[in-house]
2 protein chains.
Amino acid sequence: MGMTTSTRRPQAAATTALLAVVVDRAAPETLGRQLYLRIRELILAGRLAAGERLPSTRRLAEDLGVSRTVPLAAYDQLAAEGYIDARRGSGQYVRALDGTVRPTARRAAPAPAAAQEPLAPALRGQPFDPDAAAAALFPAREWARMMARGWRRDGAAAIGPDQWSGLRSLRAAIAGHVRALQGLDVTAEQVAVTAGVGDALQLIARALVPRGAEVWVEDPGHIGARHALAREGLRVVPVPVDAEGIDVAAGRWLAPHARLALVTPQRQFPSGAPLSLPRRIALIDWARQAGAVVVADDYDSELRFSGRPMAALSSLDPGQAVLSVGSFSKLTFPGLRLGYVVGPQALIARLAQARAREGAPVAMGAQPAMAEFISGGGFARHLRALRRQMGQRRQALAAALAARLGEAVAILPQDVGMHLTIALREGAAGGMSDVEVAALGAARGLNLDPLSSHGAASPAPQGFLLGYAGWDEQRLAAGVETLARLLADCARGAVRLRPCVDAQAAG
Amino acid sequence: MGMTTSTRRPQAAATTALLAVVVDRAAPETLGRQLYLRIRELILAGRLAAGERLPSTRRLAEDLGVSRTVPLAAYDQLAAEGYIDARRGSGQYVRALDGTVRPTARRAAPAPAAAQEPLAPALRGQPFDPDAAAAALFPAREWARMMARGWRRDGAAAIGPDQWSGLRSLRAAIAGHVRALQGLDVTAEQVAVTAGVGDALQLIARALVPRGAEVWVEDPGHIGARHALAREGLRVVPVPVDAEGIDVAAGRWLAPHARLALVTPQRQFPSGAPLSLPRRIALIDWARQAGAVVVADDYDSELRFSGRPMAALSSLDPGQAVLSVGSFSKLTFPGLRLGYVVGPQALIARLAQARAREGAPVAMGAQPAMAEFISGGGFARHLRALRRQMGQRRQALAAALAARLGEAVAILPQDVGMHLTIALREGAAGGMSDVEVAALGAARGLNLDPLSSHGAASPAPQGFLLGYAGWDEQRLAAGVETLARLLADCARGAVRLRPCVDAQAAG
């Protein structure tokens with residue numbers, strides 16, 4: 001049976017996904033094989049969906065700057081293994097496979113339904129979902145009181161017009177929070193309330209960056225942030241990251257005239273390394289020359305367990321071009337949807353002007369309560385409790401990993417946050433990729449976030465981001481046990497990806 | 001002095017704006033003049049910004065399906081009048097003009113700073129801003145009590161996970177509201193809470209429409225909705241509107257395989273005409289054949305002053321493909337940011353799946369309170385008060401217009417809502433376009449929304465959307481007086497657009 005789906009999605013989506021593919025002439029594998037591997041990963045990760053048309057070999061060769069034999073070889077291999085359906089004259093399409101077909105590849109077959117997006121809905125909230133928040137710890141009754149008090153006090157302002165930078169009392173409260181966190185002298189005028197980091201990035205893009213301009217993002221880095229910037233019509237340039245953080249020299253070479261750089265200076269996402277001082281200086285220098293804005297996302301910095309944070313990036317910024325973004329939703333509950341941008345007053349004013357032009361303020365519902373929660377000390381109390389509990393969970397997870405998977409994985413060093421990043425040692429999954437292991441994990445109730453899915457470059461580092469915020473110590477240990485068995489099964493070739501996993505897709 | 005700006009924006013933005021241009025071979029004016037007029041309007045409206053590069057004449061000719069002499073003639077005229085800067089070999093750029101240059105055109109010159117976006121922030125809240133809400137009527141104290149009560153009752157659910165369709169109690173309350181409004185039997189499972197109509201459209205686009213697919217929008221129609229769909233990667237096809245609403249036959253001809261149609265069946269925006277029954281049937285028929293989703297935006301239907309509404313479009317829908325969208329923000333206060341999608345349960349479930357994949361629920365802050373406000377009857381009471389006051393303001397505005405501008409404008413018939421649409425009679429502004437009059441009005445503190453800015457086709461109808469929600473009867477009468485003097489000054493050639501209006505841009 002022909003197994004291509006009936007919906008033909010246009011070529012644009014596939015082209016966009018493939019734009020992120022990089023082939024490396026210095027790598028030991030042939031360019032054709034590199035391309036084959038990258039496209040296969042995109043298919044397995046669901047980033048190229050069933051029915052999508054791939055770019056022509058001619059076009060792909062042009063985009064990658066390689067000879068046409070390279071995509072021809074890659075497509076031939078993908079077609080031979082059943083990942084794509086190549087028909088002369090009419091193009092190549094990603095295949096959808098069902099139970100009646102077996103791929104001809106020896107090892108892996110796509111599981112399109114379950115892996116279609118970063119996360120199947122049914123697995124949200126399962127270990128080790130890094131987006132799970134510690135909502136169970138959140139003081140619900142105190143929050144309800146904050147809602148009542150905040151709206152009594154600030155209701156007139158909250159209902160009124162011109163709240164383009166957010167509720168004044170919340171801006172003042174956030175300024176105090178950031179002063180305490182980063183040791184910077186910040187006033188309410190330097191704060192804009194946002195609906196979270198994604199909203200902040202999109203607002204910054206619309207207000208401060210010319211449409212179509214290039215922007216630096218870390219590679220590997222946060223895939224959601226990359227998408228948020230791309231959605232605003234910016235040309236995202238992945239800049240490699242090493243042990244010192246983003247490689248500024250590489251960025252200057254790849255996109256010297258970029259207009260924005262998004263970095264995670266306190267703790268690079270997902271590697272965990274802080275941005276070194278020489279790199280910070282180089283980054284600020286470049287930004288000044290290029291007239292670029294630097295956006296620092298010190299995510300999870302409220303949850304530092306040990307060591308001292310480096311001074312905020314903006315403390316090095318004589319040119320007034322550094323903005324810090326942050327979110328409160330992961331620290332409270334998922335429906336809060338509040339965050340902030342902090343930076344020079346002139347830039348914050350331009351953000352407000354953009355909001356005013358668009359006519360859509362940030363939802364006001366929780367702003368009065370959050371202002372009360374922060375300024376009354378409730379938020380700081382909650383963070384202390386959260387830090388204590390997160391520290392315990394983090395230790396429990398690290399201990400279970402060391403005991404059960406010490407041979408197979410390495411825990412990357414990090415002292416902040418709500419997840420651990422582990423790297424798979426060579427052969428730990430019997431040659432399966434982290435994306436493939438994650439697809440198998442889904443069948444066992446594990447939500448595994450593959451490290452390689454955060455990178456645009458090839459070869460991608462192999463491993464997982466393991467969130468621990470949402471589960472107690474027993475649950476985390478059980479999750480590690482499941483992961484250990486899964487990896488052992490992979491290593492001895494006892495499991496294979498099955499073509500269709502409808503049971504999960506239905507969840 | 002050379003007055004092009006130093007920032008060269010890429011060609012993509014200009015190309016996108018020009019894609020909406022249509023030339024009409026049956027029109028009395030030459031194609032070259034039509035094109036010149038449309039591009040000039042885009043520049044005056046700020047939709048082509050200073051420094052933007054225009055497509056080459058060859059490319060534009062291809063896109064429009066005309067001979068290359070057509071864009072050549074248009075560009076020559078625009079260059080002669082100082083709107084664009086044409087340099088041999090390097091392309092054509094939109095000019096920025098400042099106080100030191102006067103355009104060579106006799107009548108109009110662009111005012112880029114003030115007109116750069118639909119609305120200069122300083123004029124938000126000035127008459128006759130159609131987006132102004134009647135927040136002054138909103139019962140702030142009652143709302144603060146609803147906040148306290150709602151969070152006491154529903155706090156645990158609101159903080160909890162998996163609120164992808166919104167808070168259960170709010171979904172149930174909205175179902176009741178829609179039942180009362182549209183006479184349809186709707187259950188909570190058929191409701192998804194959204195952050196407003198824009199959010200609803202984007203969610204529907206992502207969840208139900210293949211990326212890159214064509215979608216029908218009304219022309220003229222809501223420009224914000226058009227942008228929302230285009231931002232999701234859909235190809236927006238403007239379908240002409242006549243006295244019966246959207247021209248389904250034209251839509252079938254322009255884009256037979258579109259996957260979504262966005263319509264305003266109760267009262268077409270901005271013309272005010274309801275979608276006729278034959279058209280409704282034709283629309284539903286087409287949607288069934290094409291496998292398309294129909295999205296009905298019965299905006300402002302809570303504010304009907306007279307007449308009976310037609311049955312909801314979905315009552316004609318045996319194929320379960322009609323979704324209704326609505327917003328509460330304009331009926332309450334701008335920071336509420338809550339709205340809904342109502343439709344077949346299977347489609348609503350797919351919307352929830354998309355939210356879950358994206359991991360971002362609608363902000364929860366106001367949901368418990370809105371549930372209380374609706375289900376406790378407070379919202380209905382507020383709507384009655386609002387309808388009474390809006391009716392008075394509408395009458396006051398209509399009376400002032402008739403008394404002062406009866407010769408110059410015609411009020412389009414409509415019996416719902418928070419704005420009146422007026423058409424400029426021939427010569428009422430001395431040959432100036434509505435966009436030009438609006439730019440002049442800004443200097444006199446008037447926020448005029450030009451009717452032609454809602455249309456993609458040429459020739460655009462000339463007139464204004466006059467909101468009346470935000471001002472009392474004296475203020476509205478004073479606004480009409482200002483408008484009348486402005487039009488009179490335009491008609492006798494006593495005013496001209498000045499090249500630069502920095503004073504307003506700084507506001």
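Owing to the predicted nature of the structure, the values given are computational and were not obtained by experimental measurement. All values below were derived from every heavy atom in this structure, side-chain atoms included, with hydrogens, water molecules and symmetry-related copies excluded. Every chain is numbered from 1 and lettered A, B, ... according to where its sequence line falls, protein lines coming before strand lines.
Your options are A:P361, A:A366, A:P368, and the one with the most heavy-atom pairs under 4.5 Å with chain B is A:P361. Ranked by heavy-atom pairs under 4.5 Å with chain B, the list A:M370, A:E232, A:Q367 is led by A:E232. Across B:G470, B:A360, B:G198, the residue that shares the most heavy-atom pairs under 4.5 angstrom with chain A is B:A360.
For B:A363, the parts lying near chain A are the backbone and the side chain together; criterion is any non-hydrogen pair under 4.5 Å. For A:A140, the parts lying under 4.5 angstrom from a heavy atom of chain B are both the backbone and the side chain.
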Under 3.5 Å, side-chain donor or acceptor atoms of residues 146-155 of chain A against the rest of the protein: list the pairs with distances, not counting sequence neighbours.
{"from": "A:W151", "atom 1": "NE1", "to": "A:G365", "atom 2": "O", "distance (Å)": "2.9"}
{"from": "A:R153", "atom 1": "NH1", "to": "A:E372", "atom 2": "OE1", "distance (Å)": "3.2"}
{"from": "A:R153", "atom 1": "NH1", "to": "A:E372", "atom 2": "OE2", "distance (Å)": "3.0"}
{"from": "A:D154", "atom 1": "OD2", "to": "A:S169", "atom 2": "OG", "distance (Å)": "2.5"}

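Considering CZ of A:R231 and CZ of B:R231, their distance stands at 6.0 Å, rounded to 0.5 Å.
Residues A:I159 and B:F333 approach most closely at O-CB, 3.5 Å, considering heavy atoms.
A side-chain hydrogen bond (donor to acceptor under 3.5 Å, both in side chains) check over residues 134-148 of chain B, counting only residues at least two apart or in different chains, returns the pairs B:E142-B:R381.
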